[in-house]
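Step one of this worksheet: look at the structure below.
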Amino acid sequence: MNDKIVFGQYYQSDSWLHKLDPRVKIISVFSLMISLFIIKNIYLLLGFMFLVLLVIASTKIPFVKFLNSIKMMTFVLLVTFVLQVIFRRDGELLKSFEFNLTYMNLVIIIVSLFVWFLINKYIKYFKTFVFLVIVLALFILQYYVSYSPLIVKYNINIYSNGLIMASYIVLRIITLLFLSSLLTFSTKPIELNNGLDYLLKPLQKLKVKTSIFTMMVSIALRFIPTLILETEKVLKAQASRGADFKEGKLSARVMQIVSLIVPMFVIAYKRAYDLADAMEARGYIPEGKRTSIYELKYKFLDYFSYVIVFLILAITIFLRVKYAL
Amino acid sequence: MSLVEVKNVSYKYTNRENALTDVSFNIEKGEFVCVLGHNGSGKSTLAKIIVGLLKAKSGEVIIDGVTLNEDTIDSVRQKLGIVFQNPDNQFVGVTVKDDIAFGLENRNIERSEMLRRIEYYSSLVDMEDFLDKNPENLSGGQKQRVAIASVLACEGEIIVFDEATSMLDPKGVKEVTNAIKKLKGQKTVIYITHNLDEALFCDRVIVLSKGVKVLDEKVLDAFKEKDILKSASLDILDSMKLIELIEEKGLSKGKEIEEILWQLTYQK
Ligand SMILES: Nc1ncnc2c1ncn2[C@@H]1O[C@H](COP(=O)(O)OP(=O)(O)OP(=O)(O)O)[C@@H](O)[C@H]1O
Ligand SMILES: [Mg+2]
């Protein structure tokens, strides 16, 4: 059968982090994120990041996987960085660049962007990177080349605080991504859900139906891979009848997507109907009391992690309040 | 008192003719009953009424002396289990172990007991090595065996199989029927199928046609009622066709019988 489909980002391993109780991991990540947002000082942040990197190194999860999780954000990170650097105007002036926007340069800029929009769909790899190189090249052009009539001259000034602030923000986002990846790489979705089930239990006293919510999540986790397989089947069936989802006019493509959605909807509906019968026949009562096959029991390492994590939170709060770090 | 009593049950889906009309029969403890019927004859409707998923429009179902209704269903359900046709749509858990546990969790069974039953019943259907597997990585036959283990683990007395093998490949059919045959003498089984061959390992046959019970006989007697079986649009067995032809033509020689056999295979 098909075992390509691995839902979620779970990475199989037997590290200590994988063995940690999911409740501990959820609460720890949450608490560490709070710590992260309390930290104001960039050196403290670097220290915090170093700790996170130490944890990553100790888990046997390849570092590339973490880099991949940032990769999707590279563009956002870069834009944030550049905007911070350009628009922060405090601290000492480090360097000032003078750019000349001439008619010639303007034409070159417009033409290159236009070409980019035409050809970008054919670029498979490093798309963002290629785009950034082009943008950089356009600025270099304006920095060095100033022939033909000038439209406007403008400066980009880089200040020390701008640079620090930009690094601070980018590092913080990266650390945040690392933290959440640590959780999702080391915990199966269903374990996360069980952890949540336990953690949310107190809410049931307030008549919040948390068990129904976690049951819905676990059913969703169960059926997403099946529905993906099903979608592939329908796609193949329709491709074999000549449907093409990539080419053609917009209207034709919309029709084809509709022809995919309709059968998928019918299949999912039928499934839900059958599943409700199967669950009911096996004695499921939506708000009823149930026992659980998953037994969550704190072990030494779990308590130890709690202590460390709360210690970190306490220290960051203390430093912030006392020294405004 | 019989274990299962179906009394004058009728059912109608909205805007349709009756899916079941005045069906009655009793099933004794330990019996292995086959419900036969063509597509749309009302078999699944009957199954759902017996396990309390649908409520009969008229008539009643009595399980072990208790009439099924909203108030009794939760407790009577402990005695009932059903395995449906589609292997995917009844797999509730994310893994085999979770799926077998699902019914036990609903019954508030303690964890240690759950683990014991999971181990015991998964090995009964030869799925003990797959406990941590996800349904995407199992064959249809394996999924159906998990469904059987899930129902057995709840330790009810009555188990309904609603065309549990009809979506499987021949290998899967064999695996699943083998698991079902093991239940003979242990459980009371209602085995629903449209396939006459599968009636052979049951004690008794009930035939439905257009929602009406047209036959209710011990299995060997049932096969003699060829006209009724045919009128219920059921494909009678090759061996029965052969006997029919032999009687009809008064054949005696081996060669002629062989020829007929060839014809029959060819028709198929
Ligand atoms: N949910 C429903 N809504 C409306 N009509 C239904 C529904 N389910 C079944 N029917 C109709 O009721 C009749 C009996 O259906 P049922 O599913 O009980 O037959 P079946 O013997 O199980 O058939 P099959 O061999 O196809 O499973 C059919 O005419 C069917 O179209
Ligand atoms: Mg049916």
Side-chain angles (χ1 to χ4, degrees), chain A residues 1-8 10 12 188-194 197 211 214-233 267-297, chain B residues 44 47-48 50-54 73-78 80-95 97-115 117-118 132-140 142-143 147 150-151 153-154 156 160 162:
Chain A
M1 292 284 293
N2 195 334
D3 39 21
K4 266 184 307 183
I5 293 178
V6 184
F7 179 65
Y10 182 71
Q12 188 88 40
K188 287 184 190 145
I190 188 71
E191 286 179 319
L192 270 181
N193 192 45
N194 289 324
D197 193 34
S211 64
T214 46
M215 176 58 74
M216 270 163 50
V217 174
S218 94
I219 295 287
L221 291 175
R222 151 72 185 90
F223 278 95
I224 286 169
T226 315
L227 285 174
I228 293 175
L229 279 176
E230 209 85 56
T231 313
E232 276 176 3
K233 262 192 229 158
I267 288 170
Y269 181 81
K270 167 86 174 102
R271 223 181 249 298
Y273 196 86
D274 281 1
L275 187 72
D277 272 349
M279 289 173 72
E280 196 188 333
R282 277 151 86 187
Y284 181 66
I285 303 169
E287 284 163 40
K289 202 170 125 45
R290 329 175 55 230
T291 45
S292 173
I293 183 80
Y294 290 96
E295 188 186 41
L296 294 183
K297 255 201 191 140
Chain B
S44 298
K48 285 183 186 170
I50 292 176
V51 299
L53 290 171
L54 290 176
I73 183 65
D74 286 342
S75 61
V76 176
R77 206 154 254 158
Q78 314 270 349
L80 296 163
I82 181 166
V83 176
F84 294 97
Q85 180 173 25
N86 189 318
D88 264 319
N89 296 3
Q90 55 188 320
F91 204 111
V92 183
V94 176
T95 61
K97 188 175 168 190
D98 285 4
D99 192 57
I100 303 178
F102 180 76
L104 304 174
E105 292 174 327
N106 294 334
R107 286 168 170 76
N108 285 300
I109 286 166
E110 268 183 42
R111 185 164 182 271
S112 54
E113 171 68 6
M114 279 198 236
L115 292 173
R117 290 199 199 176
I118 289 171
D132 291 320
K133 285 266 187 293
N134 306 119
E136 307 89 70
N137 301 325
L138 299 179
S139 72
Q142 289 173 327
K143 276 181 252 191
S150 305
V151 165
C154 296
V160 181
D162 185 1

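Nothing here was measured: the structure is a model prediction, and the numbers come from that model. By convention in this document, chain letters (A, B, ...) are assigned in the order of the sequence lines, proteins followed by strands, and residues within each chain are numbered from 1.
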Tell me which of these, [options], has more heavy-atom pairs under 4.5 Å with chain A than the rest.
{"options": "L54(B), V92(B), T95(B)", "result": "V92(B)"}
{"options": "N134(B), D99(B), I118(B)", "result": "D99(B)"}
{"options": "N108(B), V151(B), V94(B)", "result": "N108(B)"}

Does any heavy atom of chain A fall under 4.5 Å from the side chain of [X], the backbone, both, or neither of them?
{"X": "F102(B)", "result": "both"}
{"X": "L104(B)", "result": "backbone"}
{"X": "D74(B)", "result": "side chain"}

Exceeds 12 heavy-atom contacts within 6.0 angstrom, atom NZ of K97(B): no
Distance, nearest 0.5 Å, that separates [atom1] of [X] from [atom2] of [Y]:
{"X": "F91(B)", "Y": "T226(A)", "atom1": "CZ", "atom2": "OG1", "answer": "9.5 Å"}
{"X": "E295(A)", "Y": "M114(B)", "atom1": "CD", "atom2": "CE", "answer": "10.0 Å"}
{"X": "N194(A)", "Y": "D98(B)", "atom1": "CG", "atom2": "CG", "answer": "7.5 Å"}
{"X": "E136(B)", "Y": "F223(A)", "atom1": "CD", "atom2": "CZ", "answer": "10.0 Å"}

Regarding R282(A) and S150(B), do their side chains bring together a donor and an acceptor under 3.5 Å, going by distance alone? yes
Is the side chain of [X] donor-acceptor paired with the backbone N or O of [Y] at a distance under 3.5 Å, no angle test?
{"X": "R290(A)", "Y": "E105(B)", "answer": "no"}
{"X": "D274(A)", "Y": "Q90(B)", "answer": "no"}
{"X": "T291(A)", "Y": "I109(B)", "answer": "yes"}

A278(A) and N89(B): which non-hydrogen atoms are nearest, and at how many Å? CB-O, 4.2 Å
So which heavy atom on I82(B) is nearest to which on A281(A), and how close? CG2-CB, 3.5 Å
If you count heavy-atom pairs under 4.5 Å between each of D277(A), I285(A), I190(A), L275(A) and chain B, which one has the most? D277(A)
Under the salt bridge (charged side-chain N to carboxylate O under 4.0 Å, His left out) rule, what pairs show up with a residue in residues 219-229 of chain A, not counting sequence neighbours? R222(A)-D88(B)
What part of Y294(A) gets closer than 4.5 Å to chain B, counting heavy atoms only: side chain, backbone, both or neither? both
